[in-house]
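Numbers for residues simply follow the sequence, beginning at 1.
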Amino acid sequence: MGDSLSVYYGEFAVSPVPLELSFNYCSHKCAYCFANLNLPGRKADIKKTMRLLADYQNRETLEATLLKQGYPVLVSNRVDPFAASNFKQAVPVIRVMAEMGIPVAIQTKGGLGIADVLEFLPPSVWYVSISMLDDAVRNRIEPGAPAIDERFRLIETLTNRGHKVTLGLNPIVPEWLPDPMPLLKRAQAAGVRGVWIEPLHLNKKQQANLSAREIINILKPVLDRAKRRKTATEDLTAYCRARECAQAIGLEIFSIGQMNASDYFKPYRELYPKTFPTNQDFVNWCHSQPETVRQEIYFDDYAEVMLPKLPEGVHPISSYIRATSYWITETHKIPNRMSFRQLLALTWAEHRTQQHIGHIGCFAALGKQDPDGWIEVVDDNDLPVFAFSPSGFSEYFKEVN
(Lines give C-alpha, C1' and ligand atoms only; values in the text may rest on other atoms or scores of the structure.)
Protein backbone atom coordinates (compact mmCIF):
# COMPACT_ATOMS: atom_id res chain seq x y z
CA MET A 1 0.00 0.00 0.00
CA GLY A 2 1.35 3.43 -0.88
CA ASP A 3 1.93 6.34 1.45
CA SER A 4 -1.01 8.62 2.15
CA LEU A 5 -2.24 11.15 4.69
CA SER A 6 -2.00 9.39 8.03
CA VAL A 7 -1.51 9.82 11.76
CA TYR A 8 2.07 10.76 12.69
CA TYR A 9 2.35 7.87 15.13
CA GLY A 10 6.14 7.80 15.40
CA GLU A 11 6.56 11.30 16.85
CA PHE A 12 3.90 11.36 19.57
CA ALA A 13 5.12 13.64 22.40
CA VAL A 14 7.96 14.82 20.13
CA SER A 15 6.25 16.75 17.32
CA PRO A 16 3.38 19.21 17.79
CA VAL A 17 2.01 18.19 14.36
CA PRO A 18 -0.06 14.98 14.64
CA LEU A 19 -0.67 14.15 10.96
CA GLU A 20 1.76 13.50 8.12
CA LEU A 21 1.53 13.26 4.34
CA SER A 22 4.28 11.55 2.38
CA PHE A 23 4.81 10.99 -1.32
CA ASN A 24 7.11 8.92 -3.53
CA TYR A 25 10.71 7.85 -3.12
CA CYS A 26 12.68 11.09 -2.76
CA SER A 27 14.84 11.98 -5.75
CA HIS A 28 16.98 14.34 -3.65
CA LYS A 29 18.76 11.04 -2.90
CA CYS A 30 20.32 12.13 0.38
CA ALA A 31 22.57 9.18 1.18
CA TYR A 32 21.60 9.19 4.87
CA CYS A 33 17.81 9.35 4.31
CA PHE A 34 16.15 6.84 6.64
CA ALA A 35 12.94 6.81 4.59
CA ASN A 36 14.61 5.98 1.27
CA LEU A 37 16.75 3.33 2.96
CA ASN A 38 13.80 1.81 4.84
CA LEU A 39 11.55 1.65 1.79
CA PRO A 40 13.34 2.24 -1.54
CA GLY A 41 10.18 1.50 -3.50
CA ARG A 42 8.08 4.10 -1.68
CA LYS A 43 5.07 5.25 -3.70
CA ALA A 44 2.32 7.70 -2.81
CA ASP A 45 -1.33 6.67 -2.78
CA ILE A 46 -2.77 10.00 -3.89
CA LYS A 47 -6.22 8.56 -4.53
CA LYS A 48 -6.46 7.38 -0.92
CA THR A 49 -5.41 10.80 0.33
CA MET A 50 -7.95 12.57 -1.87
CA ARG A 51 -10.74 10.23 -0.77
CA LEU A 52 -9.96 11.07 2.86
CA LEU A 53 -9.89 14.81 2.17
CA ALA A 54 -13.18 14.63 0.28
CA ASP A 55 -14.98 12.68 2.99
CA TYR A 56 -13.21 13.19 6.34
CA GLN A 57 -16.17 15.12 7.80
CA ASN A 58 -18.22 11.92 7.57
CA ARG A 59 -15.57 9.52 8.91
CA GLU A 60 -14.75 8.46 12.47
CA THR A 61 -11.13 7.37 11.98
CA LEU A 62 -8.40 9.03 14.02
CA GLU A 63 -7.12 10.81 10.89
CA ALA A 64 -10.59 12.22 10.26
CA THR A 65 -11.02 13.24 13.90
CA LEU A 66 -7.75 15.18 13.88
CA LEU A 67 -8.62 16.88 10.59
CA LYS A 68 -12.09 17.84 11.86
CA GLN A 69 -10.58 19.36 14.98
CA GLY A 70 -8.21 21.55 12.96
CA TYR A 71 -4.83 19.97 13.64
CA PRO A 72 -2.10 20.58 11.03
CA VAL A 73 -0.56 18.10 8.59
CA LEU A 74 3.21 17.68 8.20
CA VAL A 75 4.36 17.57 4.57
CA SER A 76 6.52 15.50 4.91
CA ASN A 77 8.49 13.64 7.52
CA ARG A 78 9.62 10.94 5.10
CA VAL A 79 10.28 12.55 1.72
CA ASP A 80 10.74 16.03 0.31
CA PRO A 81 7.51 17.25 -1.29
CA PHE A 82 9.49 19.48 -3.66
CA ALA A 83 11.86 16.82 -4.97
CA ALA A 84 11.60 16.18 -8.71
CA SER A 85 9.90 12.86 -7.93
CA ASN A 86 7.17 14.50 -5.85
CA PHE A 87 6.34 18.12 -6.63
CA LYS A 88 3.86 17.39 -9.43
CA GLN A 89 1.73 15.46 -6.92
CA ALA A 90 2.54 17.45 -3.81
CA VAL A 91 1.68 20.94 -5.05
CA PRO A 92 -1.93 20.12 -6.09
CA VAL A 93 -2.57 18.24 -2.83
CA ILE A 94 -1.18 21.10 -0.73
CA ARG A 95 -3.39 23.47 -2.75
CA VAL A 96 -6.48 21.38 -2.02
CA MET A 97 -5.72 21.34 1.71
CA ALA A 98 -5.13 25.10 1.72
CA GLU A 99 -8.45 25.69 -0.05
CA MET A 100 -10.18 23.47 2.53
CA GLY A 101 -8.60 25.40 5.40
CA ILE A 102 -6.45 22.46 6.53
CA PRO A 103 -3.20 23.87 7.98
CA VAL A 104 0.10 22.37 6.87
CA ALA A 105 3.70 22.46 8.09
CA ILE A 106 6.44 21.72 5.58
CA GLN A 107 9.83 20.03 5.82
CA THR A 108 12.10 20.51 2.82
CA LYS A 109 15.54 21.13 1.38
CA GLY A 110 13.89 23.15 -1.37
CA GLY A 111 13.25 22.16 -4.95
CA LEU A 112 10.51 22.50 -7.55
CA GLY A 113 7.02 23.96 -7.19
CA ILE A 114 7.66 26.13 -4.14
CA ALA A 115 6.88 29.37 -5.99
CA ASP A 116 3.46 27.94 -6.87
CA VAL A 117 2.78 26.94 -3.26
CA LEU A 118 3.72 30.39 -1.98
CA GLU A 119 0.97 31.90 -4.10
CA PHE A 120 -1.79 30.22 -2.07
CA LEU A 121 -0.35 28.92 1.22
CA PRO A 122 -1.10 31.06 4.31
CA PRO A 123 1.74 31.68 6.81
CA SER A 124 3.01 28.28 7.92
CA VAL A 125 6.01 26.72 9.66
CA TRP A 126 8.75 25.51 7.33
CA TYR A 127 11.63 23.31 8.49
CA VAL A 128 14.53 23.78 6.06
CA SER A 129 17.31 21.21 6.29
CA ILE A 130 20.97 22.22 5.87
CA SER A 131 23.70 19.92 7.18
CA MET A 132 26.76 21.37 5.45
CA LEU A 133 28.07 24.59 3.92
CA ASP A 134 30.41 23.12 1.31
CA ASP A 135 28.55 22.39 -1.92
CA ALA A 136 31.17 19.83 -2.90
CA VAL A 137 30.18 17.87 0.22
CA ARG A 138 26.49 18.48 -0.53
CA ASN A 139 26.93 17.16 -4.07
CA ARG A 140 28.50 14.00 -2.67
CA ILE A 141 26.03 13.38 0.16
CA GLU A 142 22.82 14.98 -1.21
CA PRO A 143 23.32 14.72 -5.00
CA GLY A 144 19.74 15.51 -6.03
CA ALA A 145 19.08 18.27 -3.51
CA PRO A 146 19.27 22.03 -4.14
CA ALA A 147 22.51 23.91 -3.63
CA ILE A 148 23.22 25.41 -0.22
CA ASP A 149 22.90 29.03 -1.41
CA GLU A 150 19.49 28.21 -2.85
CA ARG A 151 18.29 27.00 0.55
CA PHE A 152 19.36 30.19 2.28
CA ARG A 153 17.54 32.19 -0.38
CA LEU A 154 14.47 30.04 0.28
CA ILE A 155 14.64 30.87 3.99
CA GLU A 156 14.80 34.59 3.19
CA THR A 157 11.87 34.32 0.78
CA LEU A 158 9.75 32.45 3.31
CA THR A 159 10.39 34.83 6.18
CA ASN A 160 9.77 37.85 3.95
CA ARG A 161 6.35 36.39 3.10
CA GLY A 162 5.34 35.90 6.74
CA HIS A 163 6.19 32.22 7.15
CA LYS A 164 8.19 31.03 10.15
CA VAL A 165 11.29 28.95 9.48
CA THR A 166 13.24 26.55 11.65
CA LEU A 167 16.55 25.02 10.64
CA GLY A 168 17.26 21.31 10.56
CA LEU A 169 20.92 20.72 11.37
CA ASN A 170 20.01 17.10 11.26
CA PRO A 171 22.27 15.25 11.05
CA ILE A 172 25.29 17.07 12.40
CA VAL A 173 28.38 15.20 11.15
CA PRO A 174 31.83 16.67 11.89
CA GLU A 175 33.32 15.48 8.59
CA TRP A 176 30.60 17.35 6.68
CA LEU A 177 30.52 20.47 8.86
CA PRO A 178 33.72 21.01 10.88
CA ASP A 179 32.48 24.31 12.34
CA PRO A 180 28.72 24.87 12.72
CA MET A 181 28.90 28.55 13.71
CA PRO A 182 29.09 30.06 10.18
CA LEU A 183 26.08 28.00 9.06
CA LEU A 184 24.07 28.94 12.14
CA LYS A 185 24.88 32.64 11.83
CA ARG A 186 23.96 32.65 8.15
CA ALA A 187 20.68 30.88 8.88
CA GLN A 188 19.87 33.35 11.65
CA ALA A 189 20.60 36.29 9.34
CA ALA A 190 18.24 34.76 6.77
CA GLY A 191 15.40 34.66 9.31
CA VAL A 192 15.69 31.37 11.19
CA ARG A 193 14.89 31.57 14.90
CA GLY A 194 15.28 27.93 15.94
CA VAL A 195 17.32 24.86 15.04
CA TRP A 196 16.72 21.12 15.48
CA ILE A 197 20.06 19.33 16.01
CA GLU A 198 20.63 15.55 16.00
CA PRO A 199 23.61 13.24 15.35
CA LEU A 200 23.51 10.74 12.49
CA HIS A 201 22.12 7.28 13.16
CA LEU A 202 21.80 4.55 10.55
CA ASN A 203 21.29 0.98 11.73
CA LYS A 204 22.80 -2.06 10.06
CA LYS A 205 19.64 -2.85 8.12
CA GLN A 206 19.51 0.66 6.70
CA GLN A 207 23.19 0.63 5.84
CA ALA A 208 22.72 -2.64 3.98
CA ASN A 209 20.59 -0.72 1.45
CA LEU A 210 23.33 1.81 0.70
CA SER A 211 24.97 1.61 -2.71
CA ALA A 212 28.73 1.16 -3.02
CA ARG A 213 29.04 4.79 -4.15
CA GLU A 214 26.97 6.05 -1.20
CA ILE A 215 29.17 4.14 1.23
CA ILE A 216 32.25 5.79 -0.28
CA ASN A 217 30.60 9.23 -0.28
CA ILE A 218 29.38 9.12 3.31
CA LEU A 219 32.78 7.80 4.48
CA LYS A 220 33.28 4.50 6.28
CA PRO A 221 34.28 6.01 9.67
CA VAL A 222 31.05 8.01 9.67
CA LEU A 223 29.00 4.89 8.92
CA ASP A 224 30.83 2.82 11.53
CA ARG A 225 29.93 5.40 14.18
CA ALA A 226 26.37 5.87 12.91
CA LYS A 227 25.35 2.27 13.59
CA ARG A 228 26.35 2.33 17.25
CA ARG A 229 23.62 2.40 19.86
CA LYS A 230 25.57 4.95 21.90
CA THR A 231 26.61 8.15 20.17
CA ALA A 232 30.35 8.10 19.41
CA THR A 233 32.63 10.65 21.07
CA GLU A 234 33.33 12.49 17.80
CA ASP A 235 29.65 12.89 17.04
CA LEU A 236 28.71 13.81 20.59
CA THR A 237 31.38 16.52 20.57
CA ALA A 238 30.05 17.92 17.26
CA TYR A 239 26.46 17.73 18.53
CA CYS A 240 27.27 19.56 21.77
CA ARG A 241 29.34 22.15 19.92
CA ALA A 242 26.45 22.88 17.54
CA ARG A 243 24.03 23.29 20.45
CA GLU A 244 26.45 25.59 22.27
CA CYS A 245 26.95 27.71 19.15
CA ALA A 246 23.21 28.00 18.57
CA GLN A 247 22.57 29.04 22.15
CA ALA A 248 25.44 31.53 22.05
CA ILE A 249 23.82 33.50 19.22
CA GLY A 250 20.30 33.29 20.63
CA LEU A 251 18.71 30.54 18.54
CA GLU A 252 16.09 28.33 20.18
CA ILE A 253 17.34 24.75 20.07
CA PHE A 254 15.72 21.36 20.10
CA SER A 255 17.07 17.83 20.28
CA ILE A 256 15.11 14.75 21.28
CA GLY A 257 15.54 14.17 25.01
CA GLN A 258 17.07 17.56 25.79
CA MET A 259 16.93 18.79 29.39
CA ASN A 260 16.83 22.54 28.80
CA ALA A 261 13.78 24.77 28.47
CA SER A 262 13.20 25.85 24.88
CA ASP A 263 10.72 27.83 22.78
CA TYR A 264 11.72 25.96 19.60
CA PHE A 265 8.10 24.91 19.03
CA LYS A 266 6.67 28.37 19.70
CA PRO A 267 6.14 29.13 15.95
CA TYR A 268 3.79 26.14 15.72
CA ARG A 269 1.74 27.40 18.67
CA GLU A 270 1.58 30.88 17.15
CA LEU A 271 0.46 29.88 13.65
CA TYR A 272 -1.80 26.86 14.19
CA PRO A 273 -5.03 26.92 16.20
CA LYS A 274 -4.52 23.34 17.40
CA THR A 275 -1.29 21.45 18.02
CA PHE A 276 -0.30 18.31 19.91
CA PRO A 277 1.62 18.55 23.19
CA THR A 278 5.26 17.51 23.44
CA ASN A 279 7.47 16.33 26.25
CA GLN A 280 9.36 19.58 25.70
CA ASP A 281 6.24 21.38 26.94
CA PHE A 282 6.47 19.41 30.16
CA VAL A 283 10.21 20.04 30.51
CA ASN A 284 9.46 23.76 30.11
CA TRP A 285 6.74 23.53 32.77
CA CYS A 286 9.11 21.83 35.21
CA HIS A 287 11.74 24.52 34.67
CA SER A 288 9.13 27.13 35.59
CA GLN A 289 8.23 25.51 38.92
CA PRO A 290 9.78 26.30 42.33
CA GLU A 291 12.29 23.89 43.77
CA THR A 292 9.75 22.43 46.21
CA VAL A 293 7.51 21.28 43.35
CA ARG A 294 10.41 19.81 41.36
CA GLN A 295 11.23 17.33 44.12
CA GLU A 296 8.09 15.29 43.43
CA ILE A 297 6.60 15.31 39.95
CA TYR A 298 3.32 13.42 39.56
CA PHE A 299 1.41 12.06 36.61
CA ASP A 300 -1.37 14.53 37.33
CA ASP A 301 1.15 17.33 36.66
CA TYR A 302 2.01 15.75 33.33
CA ALA A 303 -1.62 15.23 32.38
CA GLU A 304 -2.46 18.84 33.25
CA VAL A 305 0.18 20.06 30.78
CA MET A 306 -0.48 17.55 28.00
CA LEU A 307 -4.22 16.81 27.95
CA PRO A 308 -5.58 20.27 27.04
CA LYS A 309 -3.94 19.94 23.62
CA LEU A 310 -5.28 16.43 22.95
CA PRO A 311 -8.71 15.29 21.69
CA GLU A 312 -11.22 14.31 24.35
CA GLY A 313 -13.05 10.99 24.36
CA VAL A 314 -11.98 7.47 23.40
CA HIS A 315 -10.12 6.78 20.17
CA PRO A 316 -8.30 3.95 18.35
CA ILE A 317 -4.83 5.09 19.47
CA SER A 318 -2.94 1.90 20.36
CA SER A 319 -0.72 2.41 17.30
CA TYR A 320 1.07 5.21 19.15
CA ILE A 321 2.59 2.41 21.21
CA ARG A 322 2.75 -0.28 18.53
CA ALA A 323 4.56 1.98 16.05
CA THR A 324 7.38 2.94 18.39
CA SER A 325 7.46 0.32 21.18
CA TYR A 326 5.83 -2.79 19.74
CA TRP A 327 7.63 -5.06 22.22
CA ILE A 328 5.38 -3.71 24.97
CA THR A 329 2.57 -5.83 23.54
CA GLU A 330 4.48 -8.94 24.63
CA THR A 331 3.87 -8.10 28.30
CA HIS A 332 0.96 -5.62 28.16
CA LYS A 333 -2.48 -6.01 26.72
CA ILE A 334 -2.88 -2.69 24.92
CA PRO A 335 -6.53 -1.83 24.17
CA ASN A 336 -7.05 -0.48 20.68
CA ARG A 337 -9.51 2.15 21.90
CA MET A 338 -8.63 4.31 24.89
CA SER A 339 -8.51 7.90 26.01
CA PHE A 340 -5.40 10.01 25.61
CA ARG A 341 -5.19 10.14 29.40
CA GLN A 342 -4.87 6.35 29.41
CA LEU A 343 -2.20 6.55 26.71
CA LEU A 344 -0.23 9.15 28.67
CA ALA A 345 -0.49 7.05 31.85
CA LEU A 346 0.93 4.06 29.98
CA THR A 347 3.90 6.01 28.63
CA TRP A 348 4.45 7.62 32.05
CA ALA A 349 4.59 4.26 33.78
CA GLU A 350 6.38 2.10 31.22
CA HIS A 351 10.06 2.91 30.71
CA ARG A 352 10.19 0.80 27.55
CA THR A 353 7.96 3.21 25.66
CA GLN A 354 9.67 5.78 23.47
CA GLN A 355 7.71 8.64 25.04
CA HIS A 356 8.60 7.81 28.67
CA ILE A 357 9.92 10.93 30.41
CA GLY A 358 12.54 8.89 32.25
CA HIS A 359 14.50 8.90 28.98
CA ILE A 360 15.04 12.63 29.48
CA GLY A 361 18.03 13.17 31.77
CA CYS A 362 16.42 15.88 33.90
CA PHE A 363 13.98 13.33 35.35
CA ALA A 364 14.67 10.50 37.78
CA ALA A 365 12.16 8.06 39.18
CA LEU A 366 11.96 8.19 42.96
CA GLY A 367 12.77 4.85 44.52
CA LYS A 368 14.10 2.89 47.45
CA GLN A 369 17.06 0.55 47.17
CA ASP A 370 16.18 -3.05 48.07
CA PRO A 371 18.42 -6.14 48.14
CA ASP A 372 16.55 -7.32 45.05
CA GLY A 373 16.74 -3.96 43.24
CA TRP A 374 14.89 -0.68 43.16
CA ILE A 375 11.35 -0.25 44.40
CA GLU A 376 9.56 2.66 42.73
CA VAL A 377 7.71 5.27 44.72
CA VAL A 378 4.18 5.43 43.32
CA ASP A 379 1.15 7.67 43.76
CA ASP A 380 -2.38 6.70 44.79
CA ASN A 381 -3.00 5.37 41.25
CA ASP A 382 0.13 3.19 41.33
CA LEU A 383 1.95 5.47 38.88
CA PRO A 384 5.63 6.32 39.44
CA VAL A 385 6.70 9.61 40.98
CA PHE A 386 9.66 11.49 39.48
CA ALA A 387 12.04 14.22 40.56
CA PHE A 388 13.20 17.01 38.25
CA SER A 389 16.59 18.72 38.14
CA PRO A 390 17.66 21.26 35.49
CA SER A 391 21.21 19.90 35.68
CA GLY A 392 20.07 16.30 35.26
CA PHE A 393 20.61 13.01 37.03
CA SER A 394 23.31 10.41 36.44
CA GLU A 395 20.96 7.48 37.11
CA TYR A 396 17.37 6.55 36.26
CA PHE A 397 16.45 6.31 39.97
CA LYS A 398 16.85 8.87 42.75
CA GLU A 399 16.90 7.33 46.19
CA VAL A 400 14.50 8.59 48.84
CA ASN A 401 14.48 7.87 52.56
Gln280 versus Asn284, side-chain donor and acceptor atoms under 3.5 Å: yes

Gap between atom CD of Gln107 and atom CD of Glu20 - 0.5 Å precision: 9.5 Å

Lys/Arg-Asp/Glu bridge criterion (N-O < 4.0 Å) met for Arg59, Asp55: yes

Ile360 to Gly257 - nearest heavy-atom pair and separation: CG2-O, 3.5 Å

Sequence-distant partners of His359, ring-ring contact (aromatic ring centres under 6.0 Å, His included), two or more places apart: His356

Distance flag, aromatic centroids of Phe386 and Trp348, threshold under 6.0 Å: yes

Derivation of the side-chain hydrogen bond (donor to acceptor under 3.5 Å, both in side chains) call for Thr331 and Arg352: CA-CA 11 Å; Thr331 54; Arg352 293 178 299 167; 2.5 Å; yes

List the atom pairs, donor and acceptor, that lie under 3.5 Å between side-chain atoms in residues 364-374 and the rest of the protein, sequence neighbours left out.
unit_1 : atom_1 : unit_2 : atom_2 : d
Gln369 : OE1    : Trp374 : NE1    : 3.3
Asp370 : OD2    : Asp372 : N      : 3.0

Distance-only donor-acceptor check, side chains Arg243 and Asn260, under 3.5 Å: yes

Qualifying residues under ring-ring contact (aromatic ring centres under 6.0 Å, His included), relative to Tyr268, sequence neighbours excluded: Phe265

Nearest non-hydrogen partners of Ala13 and Met306, listed with the distance: CB-CE, 4.4 Å

Separation between NZ of Lys68 and CD of Glu60, rounded to the nearest 0.5 Å: 4.0 Å

Separation between CG of Leu52 and CG of Leu67, rounded to the nearest 0.5 Å: 5.5 Å

Side-chain ion pair, Glu291 and Arg294, N-O less than 4.0 Å: yes

CD/Glu304: more than 12 non-hydrogen atoms of other groups inside 6.0 Å: no

For Thr166, all residues meeting side-chain hydrogen bond (donor to acceptor under 3.5 Å, both in side chains), sequence neighbours excluded: Tyr264

Spacing of CG belonging to Leu310 relative to NZ belonging to Lys274, to within rounding of 0.5 Å: 9.5 Å

Exercise: identify the closest heavy-atom pair between Leu37 and Pro40: O-CD, 3.9 Å

Partners passing side-chain hydrogen bond (donor to acceptor under 3.5 Å, both in side chains) against Thr108 (at least two apart in sequence or in another chain): Asp80

Partner set under side-chain hydrogen bond (donor to acceptor under 3.5 Å, both in side chains) for Asn139, not counting sequence neighbours: none

Nearest atoms (heavy-atom pairs only) where Leu200 meets Val173: CB-CG2, 3.9 Å

Single hit among Gln207, His201, Glu142, Glu214 for side-chain hydrogen bond (donor to acceptor under 3.5 Å, both in side chains) with Tyr32: Glu142

Donor on one side chain, acceptor on other, Ser22 and Arg42, under 3.5 Å: no

side-chain hydrogen bond (donor to acceptor under 3.5 Å, both in side chains) involving Tyr8 - partner list, sequence neighbours excluded: Asn77

Short N-O contact, Glu270 and Lys164, less than 4.0 angstrom: yes

Carboxylate-amine/guanidinium proximity below 4.0 Å for Asp135 and Arg140: no

Modelled atom types, side-chain donor and acceptor of Asn24 and Ser85, under 3.5 Å: no

Centroid-centroid distance, Phe282 to Phe363, less than 6.0 Å: yes

Gln206 side chain reached by Lys227 side chain, heavy atoms, under 4.5 Å: no

N/O donor-acceptor pair under 3.5 Å between Ser319 side chain and Arg322 backbone: no

Under 3.5 Å donor-acceptor, Tyr272 side chain and Val125 backbone: yes

Pairing of Lys220 and Asp224 as salt bridge, 4.0 angstrom limit: yes

Residue pair Tyr302 / Asn279, side-chain donor-acceptor N/O under 3.5 Å: yes

Salt bridge flag under 4.0 Å for residues Arg241 and Asp179: yes

Salt-bridge present (Glu156, Arg151; N to O < 4.0 Å): no

Considering all heavy atoms, the nearest Leu66-Pro311 contact: CD2-CG, 3.9 Å

Pairs flagged by ring pair (Phe, Tyr, Trp, His ring centres under 6.0 Å) wherever residues 42-71 is involved - sequence neighbours left out: Tyr71-Phe276

For Tyr9, ring-ring contact (aromatic ring centres under 6.0 Å, His included) partners two or more places apart: Tyr320

Residue Tyr326 excluded, over 12 heavy atoms near OH under 6.0 Å: no

Results of ring-ring contact (aromatic ring centres under 6.0 Å, His included) for His287 - residues two or more places apart only: Phe388

Contact list for residues 182-195, test side-chain hydrogen bond (donor to acceptor under 3.5 Å, both in side chains), sequence neighbours left out: Asp149-Arg186

Salt bridge (Lys or Arg N to Asp or Glu O under 4.0 Å) contacts in which one or both residues fall within residues 102-117, not counting sequence neighbours: none

